[in-house]
Amino acid sequence: MKLQEYRSKEILAQYGVPLQAGTTATTPEEAEAIARTIARPVVVKAQVLVGGRGKAGGVKLAETPEEAARHAEAILGMSIKGITVRTVLVAPAANIASEFYLALILDRAAKAITVITSAEGGVEIEKTASTHPEAILRMPLHPLIGLQEHNIRRVAFFLGISPDLRREFRQVLRGLYDAFVGTDADLAEINPLAITEDGRLTALDAKIVLDDSALARHPDLELMRDLNEEERSETAARQAGINFIKLDGSIGCMVNGAGLAMTTMDLVKLAGGEPANFLDIGGGAKADKVAAAFRIILDDPNVKAILINIFGGITRGDEVARGIVEARTTLARHVPMVVRIVGTNAAEAAPILAEANLITADSLDEAAAKAVAAARADA
Amino acid sequence: MKLQEYRSKEILAQYGVPLQAGTTATTPEEAEAIARTIARPVVVKAQVLVGGRGKAGGVKLAETPEEAARHAEAILGMSIKGITVRTVLVAPAANIASEFYLALILDRAAKAITVITSAEGGVEIEKTASTHPEAILRMPLHPLIGLQEHNIRRVAFFLGISPDLRREFRQVLRGLYDAFVGTDADLAEINPLAITEDGRLTALDAKIVLDDSALARHPDLELMRDLNEEERSETAARQAGINFIKLDGSIGCMVNGAGLAMTTMDLVKLAGGEPANFLDIGGGAKADKVAAAFRIILDDPNVKAILINIFGGITRGDEVARGIVEARTTLARHVPMVVRIVGTNAAEAAPILAEANLITADSLDEAAAKAVAAARADA
Amino acid sequence: MSILVSGATRLVVQGITGREGEFHSHAMQAFGTQIVAGVTPGKGGQTALNGSVPVFDTMAEAVREVGANASCIFVPAAAAPDAILEAADAAVALIVCITENIPALDMLRVYHVLRQQGIRLLGPNCPGLTSVAERAKVGIIPNDIHRPGSVGLVSRSGTLTYEVVQAMTDAGIGQSTCVGIGGDPIVGTGFIDVLDMFNEDPETEAMVMIGEIGGEEEERAAAFVKREVRKPMAAFIAGRTAPAGRRMGHAGAIISGGAGTAESKRAALDAAGVAVADSPSHIPQLLRAAGVGG
Amino acid sequence: MSILVSGATRLVVQGITGREGEFHSHAMQAFGTQIVAGVTPGKGGQTALNGSVPVFDTMAEAVREVGANASCIFVPAAAAPDAILEAADAAVALIVCITENIPALDMLRVYHVLRQQGIRLLGPNCPGLTSVAERAKVGIIPNDIHRPGSVGLVSRSGTLTYEVVQAMTDAGIGQSTCVGIGGDPIVGTGFIDVLDMFNEDPETEAMVMIGEIGGEEEERAAAFVKREVRKPMAAFIAGRTAPAGRRMGHAGAIISGGAGTAESKRAALDAAGVAVADSPSHIPQLLRAAGVGG
């Protein structure tokens, strides 16, 4: 789960990272009022989870509170990569002497929390990696004892942090690490970490991405989820315990298992169609879950047909078949359904599906072809 | 550094271990006043760092505050294994249903913090170990990730802790572990850990021994040192940065290096004498340190001769020689001194010692023999 | 023959008294797996699987009392890392963790502790593995999809694995061992580990690898195959249509920073001489084409 | 010949600009050790040892820039564990830590991290080691007490080691390598490790072991010697007169619960066929009696 800049900064501030958090506003008037209370100039920043907000005009400097209000007015309601800006962050602007990139990631290859840092701050690390990779230090930390003082020293010397700022730098990296571990993050990034002209270290922008699997033990962080930036259907799916991602095609997919769900999408494409979604219904899908999955899929008006692909293992085929038949009666909208059930209790599922006059298929390839055909016929 | 029972309990209570700490008293009146404020009966316990206080009559049960005062009167001033009792602990007495032994040690062989536990509480673990070792569970913890929930479960099941007390037991062991790590302990022991007749877990007695090397980062714990139970000369040595242990013989020893200091003692004994002390003066001993060492050695009236054995390495022989000569002039009392200096700058040391008319020796065996002879002559 | 499990496997099931643990223990036992114990803290002294198996409070007892040498874990995510560490401390040789949604930082720790102890972990978030010829299964792969044979299969997925195994069985191509390594970012055993074992296993004549988007394990496996493997191999990679930056069900299935795409993995495998299928159903014909018999 | 260090040792001194670090670096250089760098955070870019050696801010630089492969640590106790971990992260093959009074729990952690990384640590609280024939010394053992020869010496002590070495040299018995393992309860390298290396070292014909009260390392070493060692051996154990329950200077030198006495160690060594001396000065004659020549 990605956190907004202002949420990420709230967290880093709690862990002692020096920064000027600023305050969020949802109206120009609020932005103006906030600007009045802090040192000028201020910066007004769109709070969206997509990249490139600067280029899109979502970050503006204001010399006066009135200017802050005008900028907020321009930014609020703006659409950045399809996301409507609903919140801006108003914070004191810094006079930047130099900028760094400093991040921690969960490094799958190194199987470690890894520091990634560069003296080239303010630009995307992928850009630095492609232009001059030697400017980047990638340092895996020991997985059982974590961030050590010598790790901090090495990063500080790599970045050329001056002796008088080393204590403060230690606080930044220690805080970033503690925040990473404390929130179960996948990524905790400060970009840029700036040295101001008056010689202070400060985190000007921050991004934290949380490990979804760990959210269960961080109810406080779960509350930071920004539902405005999530598809309504994805929110509904999450609440129903269904793995769902909305896509742009016309063939709704309902599958058990993530790998098989991706494969089902791939085969729809291979059959000449476009998947409308990724949907993994999980194990042991009963009627209520199937019904929820139907509602979520059909909430998308583009969906012209549904492909249901169940490989019975934990999930029993006949249960799913009954669930489908039962749930179908509750639907607001009807589209052709192609059902393929194999594996555990597939034989028991077959007559149930036949009786309900559902289109069935033996192989996944066949199911995909039938679903694509059905969607075309329906269009 | 050993901590008194009441100090150990203070620490364990801070880490959430359930116990009834009680309050210390140094007079019978105080003991009586304390007894008035707590549930009866109470137990009055001598606070000494030596074992066997129970057998020595240093632990007594009192039904009334008056009885507590009488017991305190008897115990205060009592001598237990040479230590005069100056403090008693007055605490509520428990009705014990069952008792356990539970300790953590720094296990040199396993190179781990190791849980040692037994369902036979209230007796010394060494006794259980010799009578029925199968009643003891010895479980090393992972040195990098520490106490895990499965470790706690295993101990709880080993001890047969009933389901309703498992949460409380978890708190005991978790607290004991956190206290061990938090104070840099060598040993943290609860004996007995009792289940009372009303079904609560409580630590009735506790002992913490701290790692002397870690005291520098625990100034709060250093303040818990009981100077009453330390030889005055040992306190003085510690403050002078000298490793010193008082013994019962007549030959004072001043050596650089712990192994060589022990060896010097051993050779004194082999030569027919008895060492009066262990003294390691450390590296680079200058005149002031040598003078302090002399004062500490001569504070013991049994000392009839001093053997100085220096192997120059870091320490330079001539510096020590000059230190000896200089320090000797400041001494309140004079005894024969046998000086052996070898290694770095031993050649430069020889004329200094000769000029000062000190008895010298080439080998350690010879030095020991001369010191023993000198002590006899002096006696 | 088989890798990792065999008739000598003496399995303990952690969480045997739970709904899933019990269901799958029955299936494992029905398949032929020798289940010697269950562990559920607090239920020591009871029995499970219709009285056929003793239940202990701790793994230490299960190992001491009945000589368990492998463990299968059906314990909720919050307690699963501790269960794995408990099994490792009890020194079983193989631990298979079925549990999904274990926090990655917990697994990081567990991974390194087990590695240092020299204990093999499969998973978490995996369907386990099945030795077809030896009738030994540790995990949840359905019993009746197999046919004994000489193809070793390794996969990051669950039901997709079943799909491929079923397709092989239907085509008359049998399996030696089928291994699901799990869909999480940090898993105990990777593709290369399993491919290496198959490569050394005299009874495995060909291999199938089922990958998916995310990470670079498939690319590394391809490099390993190119260097070390001479047995015929086919592969399938799921997620060609997966959008970047989204986690596709599995915690590990995400394309990030341009890395981890299906195309990158397919290209790497192709370059390593592995036949890459467009659909799971094509796997059998690719194997046949590579000379794999019944 | 020698164990652990040789002419190929490229030493970096951590804490080279400190008083002790500088003093002993000069001595090591004078003995013949190849010191290639110093490390003092914040003093990178300076030089040490009369301009002969560059100083770096980090161990990573020292290894990268001048190919250091061993480190000697003269860093105060509060910073020493981190310095050891830094050296290990920089992947030098040998780390010798002279520092005393390092908290035991810090060393516990360091010990296991280094073990897992496969890096050899000597110490802490040790005098280091000297290869006499190869003129390579890492540590603080005095330069001029040696005589080249074929006896390997291992000791938990500092000055007591010098005493024994001097006695040997005075008696005309030369040394191959002298190793001080340190007097702390948790040290990186134990008696058995060093005895094993001496046992395998073709240039070491006999061994001397100097132990002291506390722990059971000497007893374990005796069992190892009985099992594995066929070279002549003499030993000395300090602390026959040490009282129980008191720490005799070294953090590890304590008799507790009746274990760790000098008599127990002497008896174990005696049973293993090791000649045990009553005084350090007897070591040479015991060696001669065991057939050791000049």
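Quick note: numbers below take in every heavy atom, side chains included, and nothing from hydrogens, waters or symmetry partners. Letters go in sequence order (proteins before strands), and every chain restarts at 1.
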Between [Y] and [X], do the side chains contain a donor N or O and an acceptor N or O under 3.5 Å apart?
X        : Y        : value
C/Glu212 : C/His250 : yes
A/Ser213 : C/Glu100 : no
A/Lys207 : A/Asn191 : no

(request) Tabulate, in ascending numerical order, the residues of residues 179-187 of chain A having at least one heavy atom closer than 4.5 Å to a heavy atom of chain C, or enter 'none'. (result)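 Counting heavy atoms that sit under 4.5 Å from chain C, the residues of residues 179-187 of chain A involved are A/Phe180, A/Val181, A/Asp184, A/Asp186.
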(message) Please rank A/Glu274, A/Lys111, A/Lys269, A/Met265 by heavy-atom pairs under 4.5 Å with chain C and give me the top one.
(response)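 Among the listed options, the one with the most contacts to chain C is A/Lys111.
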(request) Report the option among A/Asp211, A/Asp280, A/Ile125 that has the most heavy-atom pairs separated by less than 4.5 Å from atoms of chain C. (result)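 Highest number of pairs under 4.5 Å: A/Asp211.
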(message) If the condition is ring pair (Phe, Tyr, Trp, His ring centres under 6.0 Å), which residues does A/Tyr101 pass it with, not counting sequence neighbours?
(response)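 If we apply the ring pair (Phe, Tyr, Trp, His ring centres under 6.0 Å) test to A/Tyr101, skipping adjacent residues, there are no hits.
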(message) Quick check for you: among C/Gly215, C/Gly190, C/Pro142, C/Ala253, which has the greatest number of heavy-atom pairs under 4.5 Å with chain A?
(response)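 Winner by heavy-atom pair count: C/Gly215.
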(message) Quick check on the interface: out of C/Ala78, C/Gly249, C/Ala262, who has the most heavy-atom pairs with chain A under 4.5 Å?
(response)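 Heavy-atom pairs under 4.5 Å are most numerous for C/Gly249.
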(message) According to side-chain hydrogen bond (donor to acceptor under 3.5 Å, both in side chains), who are the partners of A/Thr264, at least two apart in sequence or on a separate chain?
(response)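 A/Thr264 satisfies side-chain hydrogen bond (donor to acceptor under 3.5 Å, both in side chains) with A/Asn309 once adjacent residues are dropped.
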(message) Is C/Gln166 in contact with chain A via its backbone, its side chain, both, or neither, using a 4.5 Å heavy-atom distance?
(response)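 Side chain only.
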(message) Applying side-chain contact (heavy atoms from CB on, under 4.5 Å), can you list everything that pairs with C/Ser281, at least two apart in sequence or on another chain?
(response)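 Testing C/Ser281 for side-chain contact (heavy atoms from CB on, under 4.5 Å), a comparison that skips the adjacent residues, returns A/Asp365, C/Ser279.
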